[in-house]
Number of protein chains: 2
Amino acid sequence: MNNKNNQYFSKTLEKGLIILDLFDRDHQHRGLTEISRLTGINKTSTYRFVNTLVQLGYLRKSVNDKSIRLGPKAFVLGHHFFHGFDIFQSVKPIIDKTFFDQKISIDSALLHGHTLISLYRREMPNLIYFRLPVIMDELYARAMGKAVLANLDPKELSAILKNVHITKLTPNTLPSKQKIRKDIELTRNRGYSINNEEYVEGLICIGAPVTNYREKTIVGAVSLDFPTSEYSLDMIRKNYPGVLTKLASEVSEAVTSADI
Amino acid sequence: MNNKNNQYFSKTLEKGLIILDLFDRDHQHRGLTEISRLTGINKTSTYRFVNTLVQLGYLRKSVNDKSIRLGPKAFVLGHHFFHGFDIFQSVKPIIDKTFFDQKISIDSALLHGHTLISLYRREMPNLIYFRLPVIMDELYARAMGKAVLANLDPKELSAILKNVHITKLTPNTLPSKQKIRKDIELTRNRGYSINNEEYVEGLICIGAPVTNYREKTIVGAVSLDFPTSEYSLDMIRKNYPGVLTKLASEVSEAVTSADI
DNA sequence: GAACGGTATTACGAATATAGTAATACTTTT
DNA sequence: AAAAGTATTACTATATTCGTAATACCGTTC
């Protein structure tokens with residue numbers, strides 16, 4: 001918080017970005033008052049920022065109802081951010097290769113603060129469909145999340161667990177912090193994490209952390225995802241941990257040299 | 001310009017976005033001085049903005065050489081902008097359908113100021129590969145560009161042509177403004193535009209404008225793209241104008257109701 | 001068609017964030 | 001070890017933003 005109060009932090013820019021951040025697939029248009037309310041920015045300032053963003057083409061305003069949507073410039077920026085993200089560029093080919101070699105679904109994510117950010121994903125056609133969120137809070141319910149948690153240092157782990165609010169996503173979702181801690185213990189000993197239909201029914205995943213070798217910090221995770229219709233947990237445990245750890249170490253190499 | 005000087009325009013936000021806009025596939029990292037020079041923002045302010053963007057996670061700074069790259073938050077924003085852009089969402093299924101029905105490569109773009117912004121594209125495997133730019137200035141050398149130019153009102157057309165700097169991309173690229181005007185005339189009479197290997201060798205495209213029916217303005221274009229190895233101009237002219245104009249009118253419907 | 005409730009937009013003085021110069025710290029090169 | 005480059009910090013005048021409040025606009029209801 002201290003950081004944000006100093007002279008070398010631009011509150012104005014922060015507010016503008018908070019406004020842009022309100023728009024996504026589930027919120028394709030919003031009103032001015034709504035934006036003001038959601039961001040806590042007063043109406044005049046909201047008006048100024050929205051006006052600015054509209055003039056620059058990042059947002060556009062309906063002539064009829066004045067509702068606000070993303071503009072073409074935002075679309076361009078989206079493209080650029082996607083293709084200009086070096087970590088994505090260096091991790092993608094590794095995952096593609098493993099995908100073609102092994103013919104299994106693969107997911108990857110970056111740790112940012114206390115959330116996982118979806119990085120790149122390849123899916124086999126057999127995988128049940130579920131719309132993956134870009135930002136993931138429920139670390140405790142996913143293979144990648146548990147892989148990260150199990151390898152964080154105890155202080156950080158406690159900090160995350162303290163703020164956790166458990167949502168029972170499936171019958172198998174770990175129901176308490178105690179169970180989560182126990183599972184994390186198991187994960188640590190096992191060397192990789194297991195998500196046995198805890199996030200979506202019909203889906204078993206195993207996950208491993210991605211490490212910045214130079215800084216010795218956990219920066220993300222990868223997972224292999226299997227439909228229960230074709231794979232059993234036993235099969236997976238017998239055949240895939242090797243693939244997973246190899247993938248994790250290759251990705252770790254890549255992000256280490258990307259200077260994450 | 002007047003607009004940008006009033007009280008309801010935030011110069012600070014504009015500058016922050018100009019900085020973010022410097023990062024793309026071809027510019028994955030930049031230095032502070034470089035950013036300051038490119039944007040014309042003085043070094044202290046550049047420092048403040050970059051610092052802000054780093055703290056918010058939109059940029060990240062290498063510990064070693066202090067070089068600046070996109071951060072995870074930018075990647076998320078990219079995702080959101082891409083999937084939250086309603087025009088993309090409404091145009092995509094139309095193009096997908098035509099693609100499956102006709103088995104030909106299709107491209108679409110939005111007009112923003114004097115440039116075309118790549119919206120959505122489907123390619124047949126037979127198409128020669130060329131990396132498409134997200135932003136396109138060379139309207140005169142592409143089917144979509146000429147389709148737009150031919151349907152703009154004369155004043156706007158002249159404004160665009162005045163600033164045009166012709167680059168001879170292939171032997172067939174229209175070499176002068178006079179030839180461009182003549183071709184635009186032909187395009188208008190014909191009802192659709194033809195790009196006969198003027199942009200890339202081996203590629204013939206036909207294009208038609210996308211119109212906002214309510215506002216009666218040109219808002220973009222669509223094109224059908226054919227490799228010369230399998231299609232001749234004659235074949236294309238005989239068989240595909242109908243497909244093209246149908247597609248264009250469907251897309252126009254969609255963007256009209258999207259209230260572009 | 002007047003009044004109402006909601007939203008967006010404008011006006012303006014007070015509050016404060018930013019600009020810009022210049023000095024310092026830190027790196028890399030020679 | 002000096003030089004040339006880059007990044008970071010200090011400091012105050014100035015321009016920008018804040019925030020209240022007034023006004024305009026739009027659609028709905030009575």
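- The side chain of A:Gln7 approaches C:dT18 more closely than any other nucleotide in the set D:dA7, C:dG13, C:dT18.
- Listed pair A:Lys61 / C:dT9 meets the phosphate criterion, a side-chain N or O lying under 4.0 Å from OP1 or OP2.
- Closest contact between the side chain of B:Asn42 and the listed nucleotides C:dT21, D:dT17, D:dC11 involves C:dT21.
- The distance from atom CZ of B:Phe49 to atom P of D:dA7 is 17 Å, rounded to the nearest whole Å.
- Between C:dA19, C:dT10, C:dA17, one nucleotide has an atom nearer to the side chain of A:Tyr47 than all others, and that is C:dT10.
- With D:dT8, D:dA10, C:dT21 as the choices, the nucleotide that has an atom nearest any side-chain atom of A:Tyr8 turns out to be D:dA10.
- Within 4.0 Å (heavy atoms only), B:Thr44 reaches at least one base atom of the nucleic acid.
- Salt bridge B:Lys246/B:Glu250: present, at least one basic N to carboxylate O contact under 4.0 Å.
- For B:Leu32 and D:dT8, the CG to C1' distance is 9 Å, given to the nearest whole Å.
- The side chain of A:Lys43 contributes no N or O atom lying less than 4.0 Å from OP1 or OP2 of D:dA21.
- Considering only heavy atoms from C-beta on, B:Phe75 stays 4.5 Å or farther from B:Leu70 through its side chain.
- Side chain to side chain, A:Tyr120 and A:Asp96 meet the donor-acceptor criterion of an N or O pair below 3.5 Å.
- The side chain of A:Ser10 lies closest to C:dT18, out of D:dT20, C:dT18, D:dT8.
- Proximity of a side-chain donor or acceptor of B:Ser36 to a complementary backbone N or O of B:Leu32 within less than 3.5 Å is not detected.
- Side-chain N/O atoms of B:Ser45 include one lying less than 4.0 angstrom from OP1 or OP2 on C:dA19.
- Of the candidate nucleotides C:dA8, C:dA17, D:dT6, C:dA17 has the atom lying nearest to any side-chain atom of A:Lys11.
- Here C:dA11 presents its C1' atom at 12 Å from CZ of A:Arg48, a figure rounded to the nearest Å.
- For B:Thr33 and D:dA7, the shortest distance from a side-chain N or O to OP1 or OP2 is below 4.0 Å.
- Contact annotation: B:Lys15 reaches the phosphate of C:dA19 (side-chain N/O to OP1 or OP2, under 4.0 Å).
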